[in-house]
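The block underneath contains the structure these notes are about, expressed in structure tokens.
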2 protein chains.
Amino acid sequence: MAIFSKTCEYAIRAVLYVAHKTTTGNKVGIKDIAAGIDSPELYLAKILQDLSRKGLISSVKGPNGGFYINELSLSRPLSDIVEAVDGNGLFVGCALGLKQCSEVNPCPLHHQFKAIRDQIHAVLRTNTIGKFNEELVNGLLSLKK
Amino acid sequence: MAIFSKTCEYAIRAVLYVAHKTTTGNKVGIKDIAAGIDSPELYLAKILQDLSRKGLISSVKGPNGGFYINELSLSRPLSDIVEAVDGNGLFVGCALGLKQCSEVNPCPLHHQFKAIRDQIHAVLRTNTIGKFNEELVNGLLSLKK
DNA sequence: TCAATTAAAGATAAAAATGTCTTTTATTAT
DNA sequence: ATAATAAAAGACATTTTTATCTTTAATTGA
């Protein structure tokens, strides 16, 4: 088990790829994105269609079309991507899968995993989609390999 | 997405259930366990067979048979269960699924999720299978609902 | 207007995870 | 020994996730 689903991993990587490739207003095609993050092109297309419907990214069809991210979305937190794809189970659910796990009816790991969930949530809320653009452009950060 | 697979959630809950039910040397049957942690009986049977083969729990067939946990296993960390079921991906993998993510070739979330993974690992390493027995017996902790 | 381009949408396929059913094996008590 | 019990094992079914293929719709430039 990884922390995110494969779909979500692709989604985050793709959005960050689009973000740092389209800061100058240009667009990037699905082939380019798929190659840039090493993901199956047609599957990624589905994921981006979904994110586009949900307003996280934008797209235009036709020649010179492709995906891009507007200024406003660049400041949205990564948690928006995760919630759109994997839901909020990572932030709120019970580590052991109990339906009614809570402070008053805790599973054995409730308290300790509350801290972990909060930390995951905090990291994803405080990092924006546009935050890594510079380091991605100059190659200090990787989205493939 | 939850943190653990459903199989792993069942596994942890079942092992903790067996642990606190068998401290006096008696055994507990699969029906009892499945009811006690609210899981599908036949699926849970498969999971416990696997854990038994791997030596995390013990079992005996026949009348008055069932599952139990020996004294030594009571002091094993929960991470042993997680690794047996979900592998160590939660502790070591890249949050964004990169194959070669590392300090020198980091994904955008590498450093921040390193801390999170380490915390998850620490929690699971420092909590033993037997640690919650008392609170489970007196009902302060729950394994179902 | 027409052809080329590119994403959207719908259908299908393959793989993995989850869940169930049946038969076998080991153990116990009679 | 035999019958009853309970886990082990193997086969099968369902659901979800991941991946692919085909057709449609929108946009652009010639």
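Within every chain, numbering begins at 1; the chains are lettered A, B, ... in the order of the sequence lines, protein sequences first and strands thereafter.
- Under the rule for a ring-ring contact (aromatic ring centres under 6.0 Å, His included), A:F132 has no partner lying at least two apart in sequence or in another chain.
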Which pairs would a plain distance check flag for residues 55-70 of chain A, meaning a side-chain donor or acceptor within less than 3.5 Å of a matching protein atom at least two apart in sequence or in another chain?
{"from": "A:N70", "atom 1": "OD1", "to": "A:L72", "atom 2": "N", "distance (Å)": "3.2"}
{"from": "A:N70", "atom 1": "OD1", "to": "A:S73", "atom 2": "N", "distance (Å)": "2.7"}
{"from": "A:N70", "atom 1": "OD1", "to": "A:S73", "atom 2": "OG", "distance (Å)": "3.2"}

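- The stretch residues 107-127 of chain A participates, sequence neighbours left out, in these salt bridge (charged side-chain N to carboxylate O under 4.0 Å, His left out) pairs: A:K114-A:D118.
- Against DNA chain C, the stretch residues 45-62 of chain B makes heavy-atom approaches under 4.0 Å through B:K46, B:K61, B:G62.
- Among residue pairs with one or both ends in residues 77-112 of chain B, those qualifying as ring-ring contact (aromatic ring centres under 6.0 Å, His included) are B:F91-B:H121; sequence neighbours excluded.
- Taking the 5' to 3' direction, DNA chain C first and last meets chain A under 4.0 angstrom from a heavy atom at C:dA4 to C:dA11.
- Residue-to-nucleotide proximity on DNA chain D shows that, of B:G66 and A:L42, the 5′-proximal contact is made by B:G66.
- The list of salt bridge (charged side-chain N to carboxylate O under 4.0 Å, His left out) pairs with a residue in residues 66-95 of chain B, not counting sequence neighbours, reads B:R76-B:D80.
- Considering only residues two or more places apart in sequence or on other chains, B:Q112 meets the side-chain hydrogen bond (donor to acceptor under 3.5 Å, both in side chains) condition with A:N127.
- Partner A:V82 forms a side chain to side chain contact (heavy atoms under 4.5 Å, CB included) with one of A:N88, A:I3, A:I12, A:I120 and no other, that one being A:I12.
- Running 5' to 3' along DNA chain D, contacts with non-hydrogen atoms of chain B at under 4.0 Å begin and end at D:dA4 to D:dA11.
- Not counting sequence neighbours, B:K46 has no partner by the side-chain hydrogen bond (donor to acceptor under 3.5 Å, both in side chains) test.
- Sorted by first and then second residue, the pairs that involve residues 50-59 of chain B and meet salt bridge (charged side-chain N to carboxylate O under 4.0 Å, His left out), not counting sequence neighbours, are B:D50-B:R53, B:D50-B:K54.
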For residues 32-39 of chain B, which side-chain N or O atoms pair as donor and acceptor with protein atoms under 3.5 Å away, sequence neighbours left out?
{"from": "B:D32", "atom 1": "OD1", "to": "B:Y17", "atom 2": "OH", "distance (Å)": "2.6"}

